[in-house]
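Only a predicted model underlies this, so the values are computations on that prediction, with no experimental measurement involved.
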Amino acid sequence: MPDIAIHTEALTRDFGAVRALDGVTLDVPKGIVFGFLGPNGSGKTTTIRLLLGLLEPTAGRAEVLGFDTRTQADEIRARAGALLEHSGLYERLSAWDNLDYYGQINRLPAQERQARIRDLLTGLDLWERRDEKVKDWSRGMKQKLAIARALLHRPLLIFLDEPTAGLDPIAAAALREDLAALAAREGVTVFLTTHNLPEAERLCAQVAVIRQGRLLAVGSPAELRAHTGGPRVEIVGRGFDEHALTLLRQQPLVADLEVQDSCLTITLRETAEVAPLVSLLVSAGAQVEEVRKGSASLEDVFMALMEEEQQQ
């Protein structure tokens with residue numbers, strides 16, 4: 001499978017009586033940012049540890065970059081980078097010294113190592129801070145440096161486990177932008193675990209949704225959004241009473257309605273003109289202030305999948 005970075009077949013892991021991962025079969029194409037989405041405790045970190053060969057599966061199998069996780073874990077770890085729960089940084093060292101140390105561990109020649117460190121720190125807007133001790137840095141800056149550490153040896157694949165967790169919104173947005181730029185420039189496959197759905201929607205070409213160890217859906221964000229039905233229209237205003245809603249429900253193209261505060265969300269069966277629906281509302285006495293057309297968000301998809309799973 002030359003174009004597949006990660007391949008799993010019925011991958012399963014038990015911890016005593018607890019099944020942390022339940023028969024996951026998955027293919028991750030090379031060269032994309034792949035989002036692995038799920039609530040806390042859903043099996044995301046366990047999956048990464050299995051793929052890196054840090055845990056053995058209870059059942060099933062996995063290949064990463066063409067290597068078997070049971071028998072060739074060293075080959076996988078030599079070609080992959082990872083940022084898991086801990087950054088792996090030495091806080092009493094400077095940013096430069098941290099990367100230089102890890103470069104030596106990875107046996108990068110001195111000249112190549114220095115050029116690589118400069119390139120990564122410049123790309124992450126950390127070059128001017130290279131001689132500062134890491135202990136004095138913000139959490140966002142430390143996360144950037146940890147990503148640089150994971151990329152130092154030019155891996156073909158990088159695992160990032162909740163990389164923006166604990167960051168304030170500004171720092172998280174900056175890290176997302178840097179990560180997207182680095183992934184594109186490096187040509188690396190990124191396996192990103194997160195429960196931050198807007199983050200996944202911005203970054204990922206494909207996503208998988210997992211809950212309680214079970215894989216619920218895989219596809220592009222657009223493909224998963226189609227899971228929740230047709231296009232949507234949001235109408236902001238007042239006077240969305242039962243009479244107006246009844247008139248809308250009688251329209252053949254209207255699949256569903258939801259009113260929350262001053263916002264009416266209409267799900268359509270297919271793409272259609274919105275003007276007749278707005279006119280219908282106005283004729284029924286509603287006051288329309290704003291109309292927004294769009295589609296379901298990844299968060300809508302996620303919640304729909306969670307509800308379906310609970311009902312089974």
Side-chain angles (χ1 to χ4, degrees), residues 1-15 18-73 75-77 79-84 150 155-163 179 183 187-197 199-201 203-227 298 301-302 304-306 308-309 312:
M1 292 175 287
D3 296 324
I4 299 298
I6 297 171
H7 171 71
T8 72
E9 296 177 11
L11 192 63
T12 301
R13 172 69 194 200
D14 296 336
F15 293 98
V18 177
R19 176 149 290 183
L21 203 66
D22 189 1
V24 170
T25 296
L26 181 67
D27 283 327
V28 177
K30 289 182 178 178
I32 69 167
V33 179
F34 184 90
F36 202 53
L37 315 182
N40 292 332
S42 59
K44 301 189 301 294
T45 300
T46 297
T47 300
I48 287 184
R49 292 187 172 278
L50 287 165
L51 295 175
L52 284 169
L54 301 174
L55 290 174
E56 283 206 4
T58 305
R61 61 184 298 272
E63 289 184 3
V64 176
L65 301 173
F67 298 99
D68 189 281
T69 59
R70 286 181 184 267
T71 60
Q72 298 172 299
E75 299 288 348
I76 293 170
R77 291 193 289 269
R79 292 164 174 81
L83 172 55
L84 305 183
L156 301 173
L157 169 67
I158 181 171
F159 293 96
L160 300 176
D161 193 8
E162 303 277 4
L179 179 59
V188 65
T189 304
V190 178
F191 188 92
L192 171 75
T193 74
T194 184
H195 61 267
N196 186 322
L197 303 180
E199 176 175 277
E201 196 153 17
L203 284 175
C204 300
Q206 288 193 22
V207 295
V209 179
I210 187 172
R211 181 177 184 269
Q212 294 182 342
R214 294 182 58 198
L215 193 63
L216 304 185
V218 183
S220 69
E223 289 169 342
L224 265 63
R225 282 194 296 267
H227 179 87
L298 200 53
V301 175
F302 184 83
L305 288 168
M306 296 298 109
E308 287 179 12
E309 174 70 7
Q312 290 180 1

>> For the backbone of Gly38 and the side chain of Arg211, can you confirm whether one donor and one acceptor N or O come within less than 3.5 Å of each other?
In response: no
> After noting the C-alpha distance and the side-chain angles of Leu26 and Ile6, does the key distance pass the side chain to side chain contact (heavy atoms under 4.5 Å, CB included) rule?
Replying inline: CA-CA 8 Å; Leu26 181 67; Ile6 297 171; 5.5 Å; no
> Side chains of Val33 and Cys204: does their closest heavy-atom pair fall under 4.5 Å?
Replying inline: yes
> Can you tell me how far the CZ atom of Phe36 sits from the CD1 atom of Ile48, to the nearest 0.5 Å?
Replying inline: 8.5 Å
> In terms of ring plane angle, is the pair Phe34 and Phe191 parallel, tilted or perpendicular, where the classes change at 30° and 60°?
Replying inline: parallel
> Is there a donor-acceptor pair closer than 3.5 Å between any side-chain N or O of Thr25 and the backbone N or O of Glu9?
Replying inline: no
>> To the nearest 0.5 Å, what is the distance between CG on Leu54 and CG on Leu84?
In response: 7.5 Å
> Just by distance, do the side chain of Lys30 and the backbone of Leu157 share a donor-acceptor pair under 3.5 Å?
Replying inline: no
> Are side-chain heavy atoms of Leu21 and Leu11 found at a separation under 4.5 Å?
Replying inline: yes
> Okay, side chain of Thr46, backbone of Ala20: is any donor-acceptor separation there less than 3.5 Å?
Replying inline: no
> Side chains of Arg61 and His7: closer than 4.5 Å at any heavy-atom pair?
Replying inline: yes
>> Within this structure, what is the OG1-CZ distance for the pair Thr69 and Arg49, rounded to the nearest 0.5 Å?
In response: 14.5 Å
> Measuring from Glu162:CD to Glu199:CD, what's the distance to the nearest 0.5 Å?
Replying inline: 8.0 Å
>> Under a 3.5 Å distance rule, please check whether Ser220 uses its side chain to pair with a backbone N or O of Ala205 as donor and acceptor.
In response: no
>> Would you say that Thr47 contacts Thr8 through its side chain, given a criterion of any heavy-atom pair below 4.5 Å between the two side chains?
In response: no
>> Nearest 0.5 Å, please: how far is OG1 in Thr194 from CG in Leu37?
In response: 7.0 Å
> In Å, rounded to the nearest 0.5 Å, how long is the span from CZ of Arg77 to CD of Glu75?
Replying inline: 10.5 Å
> Taking all atoms of both residues into account, what is the closest heavy-atom pair of Gly213 and Val24, and its distance?
Replying inline: O-CG2, 3.7 Å
>> Tell me the closest heavy-atom pair linking Leu215 and Ala208, and the distance in Å.
In response: CD1-CB, 3.7 Å
>> Can you give me the closest heavy-atom contact between Ala10 and Thr12, atom names plus distance?
In response: O-OG1, 3.1 Å
